[in-house]
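Keep in mind that what you see is a predicted model, and the values were worked out from it rather than measured. Naming: A, B, ... by sequence-line order, numbering from 1 per chain. FYI, side chains are in, hydrogens and waters are out, and symmetry mates aren't considered; it's all heavy atoms of this structure.
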Amino acid sequence: MLTFLSLLQSCSLFGISYESSRSEIMRILEIEKAVSDEIRKLAEEKFGIRLEKISCEAPPRIELGDLALPVAFEIAKQIKQKTGEKKNPRDIAETLKSSLSGNSVVERIETAGAGYLNIFYNRAEILAYFADAPLLSEATKPHQKVCVEHTSVNPNKAAHIGHVRNAVLGDTFARLLKAVGKRVEVQNYIDNTGVQVADTVVGFVYLEKMNLQSIIHLDESLAKEGKSFDYYCWDLYSKVGKAYESDENLKEKRQIVLHLIERGGNEVAEIADYVAMRNVQCLLETMEKINIRYDLLPRESEILHLGFWQKAFEEMKSRGVIRYETEGKRAGCWVMPLDSHEGTEEHDADKILVRSNGTVTYTGKDIAYQMWKLGLLGLDFNYRVFHTYADGKKVWVTSTSSSENGVIPEFGKSEIVYNVIDSRQSYPQEVVKRSIAAIFPEKGEQSSIHLAYEMVALSSAAAEELGFQISEEDRKKPFIEMSGRKGLGVKANDLINLLESKALVEVEKRHADISKAECLKIARKIAVGALRYLLLKYTRNTIVVFDFKEALSFEGETGVFCQYSAVRANAIFKKLAKDELKTAIEIVKANRPEVNEILKTENEIWSLLMQAFRLEEIVHNSVNNREPAILAKYCFNLAKTFNLFYHNHRIITESNQIRRAVLIVTADIVRRTLTSSLDLMGIPVPERM
RNA sequence: GCUCCCGUAGCUCAGAGGAUAGAGCGACCGCCUCCUAAGCGGUAGGUCAUUGGUUCGAGUCCAAUCGGGAGCACCA
């Protein structure tokens, strides 16, 4: 349970200031803090109990109040622990109730149930405040720099929906971190010298018998046919995978290619570089379609060639945190001892960082990279611009040659690093984290966070729709794992295109009056909403079983539903006179007793408002739990409540001026909240739907 | 063998030790002259895997068991 105290602690961590520029306390989190502080004081005065955490929750029904505190139970428990005396929580709640002075926005306090303390706000005061205040407060203190690494697709083929889950989670989390005041740097690691790139190069060189010139030529002719290079590589990679099964000779070629790539200065290395960076270009285009961008593309080649590993290796040796094995089966290896993991006969707890042949493992390189991200390595990359987005924003890539002239942003040096990586890599991520803590005890483990998530798999129906033969054994399984090597997977671009064309049909069906180009613009936004929400609504540790029918649905719990609700809210304001909102805000501020009367009778309107006011709290919850799904669920529920409000209240025809003003301000607050929740998920709101 | 994750409605999933366990889909019944159908309302559907324990209070925490998944490389 997230307590209010921990929320506060995290808030101060995020640099949020509770000092409002206005004198009154109005933000929901501020009110909760003020109430909690007073209760903490009372608990000490009246019962001699020091309360660490005071949980604040929403009552199950709005009739019970706006804020519920089960604090009397906690006090009763602590009294019993301290003195053995059994006190009735109801009596404690009564004592608290009669002693609480509250503040300007607390209208009434009641005790309920077995000992709840329920607080009712002065509804008109809060509405008047939020009528023209931002739903998310802006951070004022200096920002802490953090890094989010996500996407990190092997640059040897097109991205599939599993990669998109990673990217959408990472991108949304980065947006959330920005919303709580962090300075966020987004990195997309490019493993351009790894086995997978080597495999695709094996395909080009040994299966297709191509050289660099012919690959470039092929790339150009693909472009003319409207085909993309990464799709070609997708097919080629699976062809290589298949060929390996029967051709041992070819498998040996992989090692040769890998060595040539690592050594550099030869045609195979040039081919690898071309293939990898062309795939990266394709990936950036795909991700841009769903509003995902990067600041920096750190490449493995630079980690190798700029001596990152050597530097990290020296650091580890001088700090005495790694060990050289002189005997046993790991003789000749450098290992990182990891004591708390129990080793077994077959598996050692210690992690090998340098093989007996002197080469460094992936985890070793990862530790060096992580050190750089945290500003602990004492070395830096060189940089050049890789790509410039339409609005001028630049993506940088690491480079071995000296950096280009001009202003280069400061990369790395983050206080906290979030690595968005598949939970199947939990073990190596644990090794990286513990290694960092071993090398830099002052940094500890808290600075390296593995944002783990489960894979996206396919339903057997989906696999069959992709044209794959499913064995009887596989059909019995709840899902089928995607496999790049087998070419089994739903490619990101295919799904985006499918969503766009379905959305286009729906838009045209509804709006015969708008141009095709305009319809397409709307359809693209709908596709983004559908895809991103689909991948965000499941919590990170749930395996997403991809199904075409579900993915292509625009009804029910979908991003499209949320977008539709926001569009509906906007539609109201298109029909209203230009300054009606301004007038409504003035009316709401000037007629508080009447407004309060309306909000006290209309629980449905008030509970919608309370739900909207909770955005800030939800954003903090999502960050603290590192769970973007919390935001997604919130957004959907708010959209649902709003739809009911929309259904039940007609603003245009409302003749009572004060009531009309309340409805207008409510609709405005909700549309602002919906728009910013969607924006935090990277989902745009179309003009019409 | 060891470690981690999961088991909640027919299906897919939410559920922060607190009040009567929720949503979407599917099923059934209603609602388009509207800022209103990508929508809204209603009905049916639950031994929260099992058994113990902690607690004023357990779907939630602890232990054991059963069932499912993932990981435990001189792969990445």
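Checking the phosphate oxygens (OP1, OP2) of B/A76, no side-chain nitrogen or oxygen of A/S152 falls inside 4.0 Å. Put simply, A/R650 has no side-chain N or O that comes within less than 4.0 Å of OP1 or OP2 on B/U36. Using a 4.0 Å cut-off, no side-chain N or O of A/K329 falls inside it from OP1 or OP2 of B/C74. In this model, the phosphate group of B/C6 is approached by a side-chain N or O of A/N541 to a distance below 4.0 Å at OP1 or OP2. Close to B/A37, at under 4.0 Å from its OP1 or OP2, lies a side-chain N or O of A/Y564.
Each of B/C74, B/G15, B/U36 was ranked by its minimum atom distance to the side chain of A/Y646; first place goes to B/U36. Nearest nucleotide to the A/H647 side chain, out of B/A14, B/G69, B/U36: B/U36. Counting only heavy atoms from C-beta on, A/V560 has its side chain closest to B/A38 among B/U36, B/C74, B/A38. Among the nucleotides B/A76, B/C72, B/C35, the one closest to the side chain of A/Y362 is B/A76. If you check B/C72, B/A38, B/C74 against the side chain of A/Y427, the one that comes closest is B/C72. When distances are taken from the side chain of A/M689 to each of B/U12, B/A38, B/C56, the shortest belongs to B/A38. Listed nucleotides B/A19, B/G39, B/C13 differ in distance to A/N118; the shortest reach to its side chain belongs to B/A19. Side-chain proximity of A/K640 to B/C74, B/G41, B/A23: nearest is B/A23.
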For this session: Determine, step by step, whether A/N419 and A/L451 satisfy the side chain to side chain contact (heavy atoms under 4.5 Å, CB included) criterion, reporting the C-alpha distance in whole Å, the side-chain angles of both residues, the deciding distance to 0.1 Å, and the verdict.
Result: CA-CA 6 Å; A/N419 294 325; A/L451 211 74; over 6 Å; no
For this session: With ring pair (Phe, Tyr, Trp, His ring centres under 6.0 Å) as the test, would you mind laying out the steps for A/F308 and A/Y369 before giving the verdict?
Result: CA-CA 7 Å; A/F308 274 36; A/Y369 175 34; 8.4 Å; no
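The partner of B/G57 cannot be assigned: no Watson-Crick or G-U wobble pair with both contacts below 3.5 Å exists in any strand. Pair assignment for B/C40: B/G30, on the basis of Watson-Crick or G-U wobble contacts that are both within less than 3.5 Å. Pairing partner, B/A23: B/U12, with both Watson-Crick or wobble hydrogen-bond distances short of 3.5 Å. Base pairing of B/A73 is not made with any nucleotide, judged by Watson-Crick or G-U wobble geometry with both donor-acceptor distances under 3.5 Å. Judged by Watson-Crick or G-U wobble contacts below 3.5 Å, the nucleotide B/A49 has B/U65 as its partner.
Within 6.0 Å of NZ on A/K502 lie more than 12 heavy atoms contributed by other residues, nucleotides or ligands.
Glycosidic conformation of B/C34: anti, with the torsion beyond 90° of 0.
Looking at heavy-atom distances under 4.0 Å, A/I526 makes contact with a base.
Taking the ring axis of A/F636 as reference, the NZ or CZ atom of A/K537 does not stay both within 45° of it and closer than 6.0 Å to the ring centre. Geometric assessment of A/R485 against the ring of A/Y237 yields a negative cation-pi assignment under the 6.0 Å and 45° thresholds.
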